[in-house]
Amino acid sequence: MTPILEFQNIVRAFKKGVPVLDGVTFSMQEGEVLGLLGRNGSGKTTLIRIAMGMLFPQAGTVRVFGISPTGDPVAVKKRIGYVAEEQVLPTGSNIAELFAFHRYLFPTWDSKLERQLLDRFSLTGNAQQIRQLSKGQARQVALMCAVCHRPELLILDEPAGGLDPAARREFLETSIQLLNREGTAILFSSHHMNDVERLGGRVVLLDDGKVRLDRQLDQIHEDHCVAMIPRSAVPDAATLERLPGCLRARPVFDDWHAVFQGTPDAVRRELQESLGLDGIRCVSVPLEELFVEMVGSSRLAEASS
Amino acid sequence: MILKLARRDPGSVLGLAFIGTYLVVMYLVVLLIEQTRMNPGNWLWNEMAMFAGLMFYLKPQRRATLWEAALPIPARQLFLARTLSRMAMVWIPMMACGSLTMLLKGAEWSSVGATLACGAGLTLAILLPQAVRVQELVIPWWLVAMIWAAVAAAGLLTWWLLPAAVTLTLFALASAGAFVRIWMTLPLSFQTAPLEAAGGREITRSRSTTALPWWPVVRSLQWASLGFLPMIAVLASQNVGLFGCLFGVFGMEGSRPRTRWLDSLPLSHRARLLINLIPVLVIVVGGTALGLHFATDNYPVMAWDPATLAAGLPAPPAVAVSLEYWKHAQGGIAPLIQSPWGETFRPAIRSVFGYKLYDPYSSGPDNSHRFFDWQYERATEVVYGRSLTAPQLNAARKAGLRPITTRARMQILNLAAATLFVLVLIFLRELFRWHRARRLSRLARGLLMAAVVAPPFGAILALDFIPGLGSTVGTTIHVIQGLLLRISTLLPDNLLAVTMAALAPVVLMYLLLERLFARTELLGPVRVVSPWSAEG
């Protein structure tokens, strides 16, 4: 089956010699929900803009529905819905005018869904000027613009950034309810782990321009743990990262914290055997902790090693 | 603190960029190009327009950025810093270049008054918008536009009606008054919402409309750039419309960030480019067409005839036509002009960018009045399309006779040239957004920037600083008019054919721009454009 979205060895830099994306490769299938995680500046937005044809990759290929988004952007964008934190709506218009424009651009525009969502979001009248909307309301309008044509792929780039918890939940639940249950694939970027856990699906973690982790959320919960090893037992992080199943290691006070693939008991047994140490603790951690262990203080770890 | 803030302001950077560019080019123009006397007053009007455009670009409606307003800095310091940087942008280049030309070429000291008066006018234009709604961080742009229109009107009136010294005094007093008013009413910190919002007044909701689908796009465009239309029209009416077309680029530059919301929608590159070009075409094509319609007859045939001599002017009888009617001197030597009765004259040579030209309709002090009359009739034939004597020409001009340069086919060619020129400028600007340019090193990008910026700036300066013959119009304008006249003679006597031929290079340039536009990318965060935000 042709992937709905495919990145192959994507490289992109904004400053010569400092790649933001350095050989990113992964793909998405129809109906899949994929959370793109990473720290600020890890390249999430860059990758999404490359998928939208708004940025050109400097190496590698990207295909959306099997089409190059820079080669035929119109064909690609007709089948995509896009909401971004930075997205700006035309402030000089009102909601009705904006919807009229989208209706004109997208022949598949669902007016019934538009009415349902207007009620759901309590947007009192679509004659409201966009400049007079609150941040949350503006994001709701942007979501309506993105979903009412029933896209095959919904791309959400930090969609709930800056919204209060209630508005965030409303936004994300609406996205899932509206589209994913009908088979629409959703690619969303976030550094809010609660959002990722709420949406479920697959997680791709970007760090230093590369894909550090690409797993189903359930697998991550079941099959990953953090081992805490005394600093004195291991000379550097690289030694730990050479051990089988180790994804990342970093120093935290007197310990090394290393993320391993495997259950806590199995990882502890293997570490005790390979390092000949007792005092090793292995624990399952929530996604947020795992995220911090994977990408947190990476420079410090590199410097100390 | 004030100086640190002033240095951060783009106005100071532009001031320094101007002074650097101006000094270098003025030095070259003054010393290397053979000219007579440079009069700063000649180029002041163009500089006024350029500075006004730049000040407009620097968002005069904003007193400080939101970041600056959030710092523990009193509003008075923010005001002083911004005013200082804008003053530097106006006064440093103006005074430096004025002094340089006077030192190197001995321009008249009377020009100093005119220079100062222009500077005072711009100073008032900087201060006056700051004197209204002083509590607010951002004031409505239309208010600024109205104030500037009033200052421009007052400036023009005083320029024509009063001596420069009086104009200077009036503007200086008004500027001082505006400064005092602002200083006395400045709050400790600015309000970040309009006064009516801060005052708790209810914001009126607009009525529901059944708008055309493209309305949101049309409204997103940078219509404020229409402010350049009258200026382009005035310049085009004086046959220097190409200079005004430079400001067409601001229409595109203003619209691109405002229409960025379209980037995620299924619109082709062509559609998005055309959308962004709408304000550019409106101001350039509209302004140029309007100006050409009311184009002035700048006496392309100037004659010092026996009647004038009788009034006591110490000049020989002579005919002078505008540079566009001059001919190329093969081998650098003008041919001998011989009348039917055998009288001869060898015209002088003038070098324009190394190209040797001569006036084929001139005469010398030793020539007879009959020779002068013969040359005059030949000149009017080529300029007006009819062989006329001086009295006949005066009568014909009163009856509506216009030079061939202001007739329909030349207007079509001029309009096409203006459109082509602005498309070339936009192409050069878009080169920076070309995705391949991002792969270059900083040095290579710097060199590319220099290579790209040099031609338009060279064009501005060439249009501006190299004076034409017997007029204040730049030589380059005459050269372009001459080229258009040559093209006109090559085209068939059919307006449709002329239109098609004139459109061809414009369409080609557009297609080239379209190819580039499809490969450009906008980087950086999207700027929120809202009257409610400090970015307004």
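Between the side chain of A:E97 and the backbone N or O of B:W215, no donor-acceptor pair lies under 3.5 Å.
To the nearest 0.5 Å, atom CZ of residue A:F101 and atom CG of residue B:L265 are 6.0 Å apart. Atoms CZ and NE2, from A:R12 and B:H435 in turn, are 8.5 Å apart once rounded to the nearest 0.5 Å. Note that the OG1 atom of A:T91 and the CZ atom of B:R258 stand 6.5 Å from one another [nearest 0.5 Å]. To the nearest 0.5 Å, atom OG of residue B:S264 and atom NZ of residue A:K77 are 7.0 Å apart. One distance of note links CZ of B:R219 with CD1 of A:I130; it measures 10.0 Å at 0.5 Å rounding.
In the displayed structure, B:R515 atom CZ is contacted under 6.0 Å by at most 12 heavy atoms of other residues, nucleotides or ligands.
Smallest separation of non-hydrogen atoms from A:Y104 and B:P213: CB-CB, 3.6 Å. When every heavy atom of A:S93 is checked against every heavy atom of B:P216, the shortest pair comes out as OG-CA, 3.0 Å.
For B:A271, no part lies near chain A; criterion is any non-hydrogen pair under 4.5 Å. Neither the backbone nor the side chain of B:V218 comes within contact range of chain A; no heavy atom of the residue lies under 4.5 Å from a heavy atom of that chain. Only the backbone of B:T520 comes within contact range of chain A, with heavy atoms under 4.5 Å apart. When heavy atoms are compared at a cutoff of 4.5 Å, A:P69 does not approach chain B at all.
Between B:W261 and A:L98, some side-chain heavy-atom pair lies under the 4.5 Å cut-off. Using a 4.5 Å cut-off on side-chain heavy atoms (C-beta onward), A:V74 and B:L267 make no contact.
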